Amino acid sequence: MKKEIFKKAHNLTKGIIKKGDNYRATFKLALSFVYSQLKKSTNSIEEKLASKGFKVWENYGYRRIYLNNIETIANMFGVEMTFSRAAKGVTMYYDCQTGSFCYNCSSSRKSFVESIINAIKNN
């Protein structure tokens, strides 16, 4: 995650820097911009899930949205279930602090869960 942020910031800096500019100062501004864009996208997923009726759980220094009923979530975001028991044994939550989805499932259900995550991000 950190590596990707720095790569984006360096690419942005290389694209806008001109002869005589201070690379370090320009990079600092680019890094701030990339980080703020990441924060906006993270907040939008949290807001998107909250608008669908999911509750934010905060305790012990964590801030998460648990996505318990995978079947309902799949239907809500238009993900087609390939077989009737695709959602069985899947646990998933969205970590609001890191902006990432965490899940636990068997390898046969991994592509199904990832398609739900992509639908949530792109919807």
Side-chain angles (χ1 to χ4, degrees):
M1 179 85 162
K2 212 181 219 186
K3 187 177 181 178
E4 292 173 25
I5 293 171
F6 274 76
K7 275 186 176 181
K8 287 179 183 178
H10 275 294
N11 289 337
L12 181 60
T13 303
K14 289 175 186 175
I16 61 174
I17 198 160
K18 295 180 180 154
K19 190 175 181 177
D21 286 350
N22 184 336
Y23 188 89
R24 182 183 245 172
T26 308
F27 176 71
K28 182 181 177 183
L29 291 172
L31 188 60
S32 296
F33 175 76
V34 170
Y35 187 71
S36 71
Q37 294 300 311
L38 177 70
K39 281 294 209 184
K40 283 182 184 177
S41 67
T42 301
N43 288 340
S44 68
I45 292 174
E46 183 178 343
E47 290 168 4
K48 191 182 303 182
L49 291 171
S51 72
K52 297 277 187 180
F54 294 98
K55 304 288 183 217
V56 177
W57 175 84
E58 289 184 87
N59 214 345
Y60 307 109
Y62 297 108
R63 182 176 169 82
R64 298 176 176 169
I65 299 174
Y66 283 91
L67 307 167
N68 295 323
N69 192 339
I70 301 300
E71 261 184 79
T72 304
I73 296 165
N75 292 331
M76 193 180 291
F77 288 97
V79 177
E80 195 172 321
M81 294 182 58
T82 52
F83 54 98
S84 61
R85 295 173 37 159
K88 187 171 175 69
V90 176
T91 57
M92 185 165 84
Y93 66 86
Y94 176 73
D95 190 328
C96 300
Q97 292 171 320
T98 62
S100 61
F101 287 90
C102 301
Y103 59 89
N104 186 12
C105 66
S106 65
S107 59
S108 63
R109 291 174 172 87
K110 185 177 180 180
S111 63
F112 172 67
V113 172
E114 288 177 350
S115 64
I116 291 174
I117 292 170
N118 286 333
I120 292 170
K121 286 180 178 178
N122 298 324
N123 202 338

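FYI, side chains are in, hydrogens and waters are out, and symmetry mates aren't considered; it's all heavy atoms of this structure. Since the model is a prediction, treat every value here as computed from it, not as a measurement.
- At a threshold of 4.5 Å between side-chain heavy atoms, the hydrophobic network of Ile, Leu, Val, Met, Phe, Trp and Tyr places Ile5 and Phe27 in one connected group.
- In this structure, Ile116 and Phe112 have side chains that are in contact, with non-hydrogen atoms separated by less than 4.5 Å.
- Put simply, CD1 on Ile117 and CD1 on Ile73 are 10.5 Å apart, with the number rounded to the nearest 0.5 Å.
- Both Val56 and Met92 belong to a common hydrophobic cluster when Ile, Leu, Val, Met, Phe, Trp and Tyr are linked at side-chain heavy-atom distances under 4.5 angstrom.
- Residues forming a side-chain contact (heavy atoms from CB on, under 4.5 Å) with Ala50 (at least two apart in sequence, or on another chain): none.
- Within the 4.5 Å cutoff, the side chain of Ile65 has no heavy atoms near those of the Trp57 side chain.
- Atom CZ in Arg63 sits 8.0 Å away from atom CD in Gln97 (nearest 0.5 Å).
- Hydrophobic clustering of Ile, Leu, Val, Met, Phe, Trp and Tyr side chains at less than 4.5 Å, counting indirect connections, unites Tyr94 with Phe77.
- Note: Lys121 NZ to Glu114 CD = 9.5 Å, rounded to the nearest 0.5 Å.
- Within the 4.5 Å cutoff, the side chain of Tyr93 has no heavy atoms near those of the Tyr62 side chain.
- Atom NZ of Lys8 has 12 or fewer heavy atoms from other residues, nucleotides or ligands within 6.0 Å.
- In terms of modelled atom types and a separation under 3.5 Å, the side chain of Lys48 and the main chain of Ile120 share a donor-acceptor contact.
- Considering only heavy atoms from C-beta on, Thr91 stays 4.5 Å or farther from Leu67 through its side chain.
- Note that CD of Glu46 is 11.0 Å distant from OG of Ser51, once rounded to the nearest 0.5 Å.
- Every side-chain contact (heavy atoms from CB on, under 4.5 Å) that Lys7 has, sequence neighbours left out, goes to Lys3.
- For Asn69, the side-chain hydrogen bond (donor to acceptor under 3.5 Å, both in side chains) test picks out Thr72, with sequence neighbours left out.
- Contacts of Tyr66 classified as side-chain hydrogen bond (donor to acceptor under 3.5 Å, both in side chains), with partners at least two apart in sequence or in another chain: Arg64.
- Hydrophobic clustering places Phe6 together with Ile17 (ILVMFWY residues linked when any side-chain heavy atoms are closer than 4.5 Å, directly or through intermediates).
- When all heavy atoms of Ala9 and Ala30 are compared, the pair lying nearest together is O-CB, 3.6 Å.
- Sorted by first then second residue, the side-chain hydrogen bond (donor to acceptor under 3.5 Å, both in side chains) pairs that include residues 12-29, not counting sequence neighbours, are His10-Tyr23.
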